[in-house]
2 protein chains.
Amino acid sequence: MKPDRFADILKQNDVSVTTVRRAIFDALATADKPLKNGEIATLVPTVDRASVYRTLELFDRLGLTTTIVRGWTPFTELAEPFKAHHHHIACERCGTVVEIENDTLEDVLGLIAGRHDFELTKHVVELTGVCKNCRVAIS
Amino acid sequence: MKPDRFADILKQNDVSVTTVRRAIFDALATADKPLKNGEIATLVPTVDRASVYRTLELFDRLGLTTTIVRGWTPFTELAEPFKAHHHHIACERCGTVVEIENDTLEDVLGLIAGRHDFELTKHVVELTGVCKNCRVAIS
DNA sequence: TATATTCTGCAAAAATGTTGCAATAATGAT
DNA sequence: ATCATTATTGCAACATTTTTGCAGAATATA
């Protein structure tokens, strides 16, 4: 039968696999981009808001999701093993978001942590800039 | 007379130097660590909540402050030229926060942006890990 | 399928942000 | 210094977002 990593991870952590949790997980998986809490709630209209918050907190605690901030707003997206580890660079004019995967960056972060005697468990990198198009447009 | 970079920057941007703005600026300068919006409001009890929000938005727009996120909460702190450019690594057990300054990291971020045809204007790097003490403690 | 336990919806409250407008404070010129 | 102009603030009401307790529903286990 089909492998179900989502269910497996929940079970490994002794929490139930429920339809609510799967619905929210699917919403994140389908969107395939970081979503605000409110957006997630909208995508699962049958689920109570309180449950959405409780579920997102759970996912975060289990490491299923990553939360980044743009401006002042937190956005959540799936983390490994559901999505390859990556970061983002966003254009501040047009809003385009590009995913970044860069081993050198990961290495440098590890080294920095080590130099401060920290064992790295998580990290967030969000870049903001102006994309090529927008630089040409008005500049 | 004493130089007043804060006032200078506000004037350069054609906004008034008011006691409210200075109070909030002072709160950020004195705290010397990233603060939640609510914490800032608490530190200037005489200032109306609405003014706090409007001021923080202004500071952000003028580039006086930087906003990072930990967990789901946005935190604001002073940026250059009031504080040297830096990032943070926080211990997820004891909460200790250490500031990071690393030229290699800055270079790598610039290169990554360039490779994607972006001109970098801003970036956030937040590391989370376990510090030496906490690793020894229980582990 | 029965039982124990965990989850969810509901409803109410707390916390967080936002808005328009009149009163106040800051700025620049005299 | 004072005045006129303009920007800023407080107030108060509102909107939105998040949190909480608890009873009923769904899930896991034997």
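Order of the sequence lines fixes the chain letters, A, B, ..., with proteins taken first and strands second; residue numbering starts at 1 for each chain.
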**Student:** Given Trp72(A), which partner from the list Thr67(B), Thr76(B), Asn37(B) fulfils the side-chain hydrogen bond (donor to acceptor under 3.5 Å, both in side chains) test?
**Tutor:** Thr67(B)

**Student:** Measure the distance from CG on Asp48(B) to P on dG17(C) and round it to the nearest whole Å.
**Tutor:** 14 Å

**Student:** Do the non-hydrogen side-chain atoms of Asp48(B) and Val52(B) ever get within less than 4.5 Å of each other?
**Tutor:**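 Result no, sub-4.5 Å side-chain heavy-atom pair not found.
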
**Student:** Chain B on DNA chain D: first and last contacting nucleotide, 5' to 3', under 4.0 Å to a heavy atom?
**Tutor:**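 Result: dA7(D) to dC11(D).
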
**Student:** Give the intermediate values and the outcome of side-chain hydrogen bond (donor to acceptor under 3.5 Å, both in side chains) for residues Glu92(B) and Thr121(A).
**Tutor:** CA-CA 9 Å; Glu92(B) 66 187 18; Thr121(A) 54; 3.0 Å; yes

**Student:** Whole angstrom is fine here: how far is it from CD1 in Ile24(A) over to P in dC7(C)?
**Tutor:** 13 Å

**Student:** With DNA chain C as reference, determine whether Val17(B) or Asp14(A) sits nearer its 5' end, using the nearest nucleotide of each.
**Tutor:** Asp14(A)

**Student:** Looking only at side-chain N and O atoms, does Asn37(B) come under 4.0 Å of OP1 or OP2 in dT16(C)?
**Tutor:** no

**Student:** Can a side chain N or O of Thr18(A) be found less than 4.0 Å away from OP1 or OP2 on dC7(C)?
**Tutor:** no

**Student:** Need the bend value for the helix from dT1(C)-dA30(D) to dT30(C)-dA1(D): angle between end axes, 5 pairs each end, nearest 10°.
**Tutor:** 60°

**Student:** For Asn13(A) and dT6(C), what is the distance between atoms CG and P respectively, to the nearest whole Å?
**Tutor:**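 For the pair Asn13(A) CG and dT6(C) P, the rounded distance is 15 Å.
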
**Student:** Check every strand shown and say whether Thr46(B) touches a base, only sugar-phosphate, or nothing at a heavy-atom separation below 4.0 Å.
**Tutor:** sugar-phosphate

**Student:** Let me know the distance between NZ of Lys11(A) and C1' of dC7(C), rounded to the nearest Å.
**Tutor:** 16 Å

**Student:** Separation of Ile40(B) atom CD1 from dG17(C) atom P, in whole Å?
**Tutor:**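 One finds 10 Å between P of dG17(C) and CD1 of Ile40(B), rounded.
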
**Student:** Hey, mind stepping through His87(A) and Glu101(A) against side-chain hydrogen bond (donor to acceptor under 3.5 Å, both in side chains) and telling me if it holds?
**Tutor:** CA-CA 7 Å; His87(A) 302 290; Glu101(A) 261 183 86; over 6 Å; no

**Student:** Return the value, rounded to whole Å, for the distance between atom OH of Tyr53(A) and atom P of dT8(C).
**Tutor:** 16 Å

**Student:** When the nearest nucleotide of DNA chain D is assigned to Ala50(A) and to Val20(A) on a heavy-atom basis, which residue is associated with the more 5' position?
**Tutor:** Ala50(A)

**Student:** CD of Glu57(A) versus P of dT6(C): gap in Å, rounded?
**Tutor:** 17 Å

**Student:** Starting at the 5' end of DNA chain C and moving along, which residue's nearest nucleotide shows up first, Ser16(B) or Pro74(B)?
**Tutor:**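 So the residue in question is Pro74(B).
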
**Student:** Heavy-atom distance under 4.5 Å between the side chains of Asp32(A) and Leu78(A), does that happen here?
**Tutor:**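 Contact flag for Asp32(A)/Leu78(A) side chains = no.
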
**Student:** Taking any heavy-atom pair under 4.0 Å as a contact, classify Arg54(B): base, sugar-phosphate, or nothing.
**Tutor:**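 Base contact - Arg54(B) has a heavy atom under 4.0 Å of at least one base atom.
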
**Student:** If we ignore hydrogens and angles and just use 3.5 Å, is the side chain of Ser51(A) paired with the main-chain N or O of Val47(A) as donor and acceptor?
**Tutor:**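 No, because the side chain of Ser51(A) does not come within donor-acceptor range (under 3.5 Å) of the backbone of Val47(A).
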
**Student:** Test side-chain hydrogen bond (donor to acceptor under 3.5 Å, both in side chains) on Glu99(A) and His116(B) and set out the steps.
**Tutor:** CA-CA 10 Å; Glu99(A) 293 192 0; His116(B) 290 276; over 6 Å; no

**Student:** Within 45° of the six-membered ring axis of Phe75(B) and under 6.0 Å from that ring's centre, is NZ or CZ of Arg70(B) located there?
**Tutor:** yes

**Student:** Could you give me the CA-CA distance, side-chain angles and deciding distance for Asp4(B) and Arg22(B), then say whether salt bridge (Lys or Arg N to Asp or Glu O under 4.0 Å) is met?
**Tutor:** CA-CA 11 Å; Asp4(B) 187 344; Arg22(B) 200 176 285 279; 2.9 Å; yes

